[in-house]
Amino acid sequence: ATRNGWSQDEIPLAEVKDGICCMKDNTYVKIIEVEATDYKQNRIDTKLAIASSFATMFTTAPVTVHLKVLTESISVAGLVKNLQRAKYITENEEWFLRRKNDHIESLNKMISQDSYQTKYYIIFKYEDKATSNWDAIFSSIYSTYNLFFSALQECNCSVVVNENENDFTMEMLYNFFNPRTHIVETYEDRFNRILSDYELYNATHKDTRQPTETDILGSKGLYFEGTDYWQMDGMYYTHLLLHGNSVPEVLTTGWLDEFIRNGVDMDLYVVRKASEMVKMETEAALRAKLMFTPMKKRNSDSMDSFTSNITSIQKALESKQEYYEFIIMITLKSPLLSHLYQLRDTIKTQFKKQPYGISFEEVYKDSRKYFKMYMPFMCIDRKLFNKYSRGCITESLMGLFPFTFSRTFDQTGFVLGINEESNDIVAINNFNNKYYSNANISILGTSGGGKTYFMCMLGSHMLFNGYRTFYLCP
């Protein structure tokens with residue numbers, strides 16, 4: 001609920017059909033999950049090729065693309081539930097139960113571990129408003145989906161392929177709008193509960209009502225009463241918008257990782273502008289600058305810099321590069337308002353330490369418009385975009401490559417330990433064909449490095465999760 005209505009009313013979704021979000025304003029949005037690359041582990045030439053392929057991707061992408069990075073605290077509760085549900089033929093044996101319970105106890109100790117998982121998404125909108133034919137809309141959206149599929153492979157990334165795109169989309173949205181509730185009530189649990197509630201209502205009132213998607217997705221509380229924050233499902237949110245004119249043209253790929261790894265979300269909107277329009281705008285800007293600049297100041301450093309920027313854009317367009325505008329929004333979230341402010345101060349301090357000299361705008365009043373931009377529905381606030389966006393050419397997009405951390409946590413997986421670099425819990429399930437084409441694993445290491453121990457640990461954790469396990473050790 002909200003103070004003056006229902007949280008469902010704030011969600012602009014009409015229905016999810018064939019994995020496509022059909023919006024109430026008759027637009028259509030597709031959400032793609034991206035399996036990221038372990039960018040930092042690559043060689044310099046590979047890093048350059050990845051970033052270059054990423055920038056090139058936007059030349060054939062839709063005019064507007066939304067890149068979304070979501071981080072959430074990892075809960076081992078789901079892992080423990082999987083272990084408790086798992087059945088195996090040896091479960092009655094005392095040694096097996098003792099080792100399995102010891103393993104569950106060690107997982108419970110990890111609950112206090114400050115650990116996050118990062119998920120990456122590409123979101124785009126169907127751009128042809130001339131037709132309402134569903135077959136044409138479906139064909140166009142999945143044609144674009146295939147373009148991203150191929151382009152991401154060039155970036156050493158991949159699209160996460162789902163058996164059921166509707167279920168994936170609904171579960172992603174449910175987790176988004178219910179950041180705390182989904183830990184104790186899964187999407188499947190919510191769906192079954194809502195369905196049961198409607199069946200009971202219909203039986204009592206002799207009605208035939210059916211639940212809508214937003215009935216299932218609605219948050220347990222959505223409030224916009226704070227001047228510099230808003231609340232959803234018991235979490236407090238605030239945002240930082242990077243001032244576009246303070247973002248340098250050349251950025252080191254991965255420069256935003258430090259902020260995202262703090263459990264912070266990021267939204268990057270990229271809009272491609274028509275080349276002919278950019279040419280006219282740059283020529284008009286140069287004429288206006290000359291017209292309103294006194295003759296004695298036309299040789300100043302600021303005038304030289306302005307002219308140089310205009311010239312570089314024009315040369316880039318002549319060399320068949322495209323021109324884009326982008327905006328970056330950082331989202332901070334916490335279950336405690338005091339911690340939210342503390343996190344914001346920490347991020348502000350980190351920004352000040354950056355060599356780029358980037359400045360940002362904090363949320364002040366009308367937090368609902370930031371919430372709309374935060375949703376994965378391509379709801380760009382044009383005033384905010386025009387005020388805080390930054391222009392760049394194709395090659396400058398290389399520094400915005402966000403897919404830099406490969407997946408190390410799977411809710412269905414076997415816990416292997418803690419990542420020393422990121423301090424995150426590592427849990428994989430090599431049998432999960434949603435992410436892996438086969439279950440083969442190679443274990444590499446020096447003599448005495450722990451390969452056999454790791455293999456024994458992995459096998460025993462598979463056994464605890466209900467998989468039949470054999471060791472063949474020649």
Item to complete: Report the C-alpha distance between Val270 and Phe58 in whole Å, list the side-chain angles of each, state the deciding distance to 0.1 Å, and finish with yes or no for side-chain contact (heavy atoms from CB on, under 4.5 Å).
Response: CA-CA 8 Å; Val270 181; Phe58 289 92; 3.9 Å; yes
Original post:
Would Thr169 and Asn166 satisfy side-chain hydrogen bond (donor to acceptor under 3.5 Å, both in side chains), going step by step from the backbone distance to the final call?
Top reply: CA-CA 5 Å; Thr169 304; Asn166 266 17; 5.7 Å; no
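- Put simply, the side chain of Gln8 never gets that close to the backbone of Gly218: no donor and acceptor are under 3.5 Å apart.
- Taking both residues in full, the closest heavy atoms of Ile194 and Pro211 are given as CG2-CB, 3.7 Å, listed atom of the first, atom of the second, then distance.
- Minimum heavy-atom separation, Met462 to Asn430: CE-OD1, 3.4 Å.
- The aromatic rings of Tyr174 and His182 sit perpendicular, their planes meeting at an angle over 60°, well past the 30° parallel limit.
- A salt bridge links Lys273 and Glu325; the closest N-O separation between the charged side-chain nitrogens and carboxylate oxygens is under 4.0 Å.
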Please assess Thr331 against Met266 for the test side-chain contact (heavy atoms from CB on, under 4.5 Å), listing each intermediate value before the final yes or no.
-> CA-CA 6 Å; Thr331 299; Met266 185 196 74; over 6 Å; no
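- Within the 6.0 Å centre-distance limit, the rings of Tyr39 and Phe401 are counted as a close aromatic pair.
- Between the side chain of Glu127 and the main chain of Val63, a donor-acceptor pair closer than 3.5 Å is present.
- No side-chain donor-acceptor contact under 3.5 Å links Tyr187 and Asp167.
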Anything under 3.5 Å between a donor and an acceptor, one on a side chain of residues 144-159, the other on a protein residue two or more places apart or in another chain? List them.
unit_1: Thr144; atom_1: OG1; unit_2: Ser140; atom_2: O; d: 3.1
unit_1: Asn146; atom_1: ND2; unit_2: Tyr142; atom_2: O; d: 3.1
unit_1: Ser150; atom_1: OG; unit_2: Asn146; atom_2: O; d: 3.3

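- Each of Ile123, Ile11, Asp25 was evaluated against Phe377; a single residue qualifies, Ile11, per the side chain to side chain contact (heavy atoms under 4.5 Å, CB included) test.
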Please report, to 0.1 Å, the donor-acceptor pairs under 3.5 Å made by any side chain of residues 365-376, with sequence neighbours excluded.
unit_1: Arg368; atom_1: NE; unit_2: Glu10; atom_2: OE1; d: 3.2
unit_1: Arg368; atom_1: NH2; unit_2: Glu10; atom_2: OE2; d: 3.2
unit_1: Tyr374; atom_1: OH; unit_2: Asp265; atom_2: OD2; d: 2.5

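- Checked against ring-ring contact (aromatic ring centres under 6.0 Å, His included), Tyr236 has the following partners two or more places apart in sequence or in another chain: Tyr229.
- Between Ile328 and Leu241 there is no side-chain heavy-atom pair separated by less than 4.5 Å.
- With a 4.5 Å cut-off on side-chain heavy atoms, Phe326 and Leu268 count as touching.
- What you find for Phe168 and Ile31 is that their closest heavy atoms are CE2-O, 3.5 Å.
- Side-chain contact check for Asp410 and Asn432: at least one donor-acceptor pair (N or O, by modelled atom type) lies under 3.5 Å.
- Side chain to side chain, Thr238 and Asp228 fail the donor-acceptor criterion of an N or O pair below 3.5 Å.
- Looking at Asn429 and Thr412, their side chains do bring a donor and an acceptor atom within 3.5 Å of each other.
- Going from atom CD1 of Ile347 over to atom CG of Leu240 covers 7.5 Å, rounded to the nearest 0.5 Å.
- Annotation: the span from Ser319 atom OG to Ile393 atom CD1 amounts to 7.0 Å, rounded to 0.5 Å.
- Side-chain contact between Val247 and Asn245: absent, with no pair of heavy atoms (C-beta onward) separated by less than 4.5 Å.
- By the side-chain hydrogen bond (donor to acceptor under 3.5 Å, both in side chains) test, Asp45 pairs with Arg43, sequence neighbours left out.
- Every residue was checked against the side-chain hydrogen bond (donor to acceptor under 3.5 Å, both in side chains) condition with Thr253, not counting sequence neighbours, and none meets it.
- In this structure, a donor-acceptor pair under 3.5 Å is present between the side chains of Thr212 and Asp215.
- A distance of 6.5 Å separates CZ of Phe177 from OG of Ser219, quoted to the nearest 0.5 Å.
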Q. Stepwise, does the side-chain contact (heavy atoms from CB on, under 4.5 Å) test hold for Asp267 with Leu67?
A. CA-CA 6 Å; Asp267 292 275; Leu67 305 181; over 6 Å; no
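- No donor-acceptor pair under 3.5 Å is formed between the side chain of Lys17 and the backbone N or O of Cys22.
- Using modelled atom types, no side-chain atom of Ser334 and backbone atom of His339 make a donor-acceptor pair closer than 3.5 Å.
- Rounded to the nearest 0.5 angstrom, His66 NE2 and Met329 CE are separated by 7.0 Å.
- Closest approach of Tyr269 and Cys379 over heavy atoms only: OH-N, 4.1 Å.
- Put simply, the side chain of Lys387 does not reach to within 4.5 Å of the side chain of Phe385, judged on heavy atoms.
- Between the side chain of Lys30 and the main chain of Gly19, a donor-acceptor pair closer than 3.5 Å is present.
- With a 6.0 Å radius and a threshold of 12 heavy atoms from other residues, nucleotides or ligands, Lys315 has its NZ atom at or below the threshold.
- With rounding to the nearest 0.5 Å, the separation of CD1 in Ile137 from OG in Ser132 is 6.5 Å.
- Side-chain atoms of Arg190 and Glu171, non-hydrogen and from C-beta on, never get closer than 4.5 Å to each other.
- Here the side chains of Ile428 and Leu416 are in contact, with some heavy-atom distance below 4.5 Å.
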**Q.** Stepwise side-chain contact (heavy atoms from CB on, under 4.5 Å) check, Lys68 with Phe176
**A.** CA-CA 12 Å; Lys68 191 168 191 65; Phe176 175 83; 3.7 Å; yes
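- Judged by distance alone, the side chain of Thr349 and the main-chain N or O of Asp345 form a donor-acceptor pair under 3.5 Å.
- For the residue pair Asn162 and Glu165, a side-chain donor N or O sits within less than 3.5 Å of a side-chain acceptor on the partner.
- Residues meeting the ring-ring contact (aromatic ring centres under 6.0 Å, His included) test with His243, sequence neighbours left out: Tyr388.
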**OP:** Could you walk me through whether Thr181 and Asp233 pass side-chain hydrogen bond (donor to acceptor under 3.5 Å, both in side chains), step by step?
**Re:** CA-CA 7 Å; Thr181 298; Asp233 193 35; 2.7 Å; yes
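- Side-chain N or O atoms of Asp18 include none that pairs as donor or acceptor with a backbone N or O of Ile20 at under 3.5 Å.
- We find the CD1-CG distance between Ile50 and Leu48 to be 9.5 Å, quoted to the nearest 0.5 Å.
- Contact of the Ile380 side chain with the Thr64 side chain is registered, since non-hydrogen atoms from C-beta on lie closer than 4.5 Å.
- For the pair Phe409 and Gln117, the tightest heavy-atom approach, listed with the atom from each and the gap, is CD2-OE1, 3.5 Å.
- For the pair Lys125/Pro62, no side-chain contact is recorded, criterion being any heavy-atom separation below 4.5 Å from C-beta on.
- Ser246 contributes a side-chain N or O that, together with a main-chain N or O of Ser359, makes up a donor-acceptor pair within less than 3.5 Å.
- In terms of modelled atom types and a separation under 3.5 Å, the side chain of Arg272 and the main chain of Tyr324 share no donor-acceptor contact.
- Nearest heavy atoms, Ile141 versus Phe124: O-CZ, 3.5 Å.
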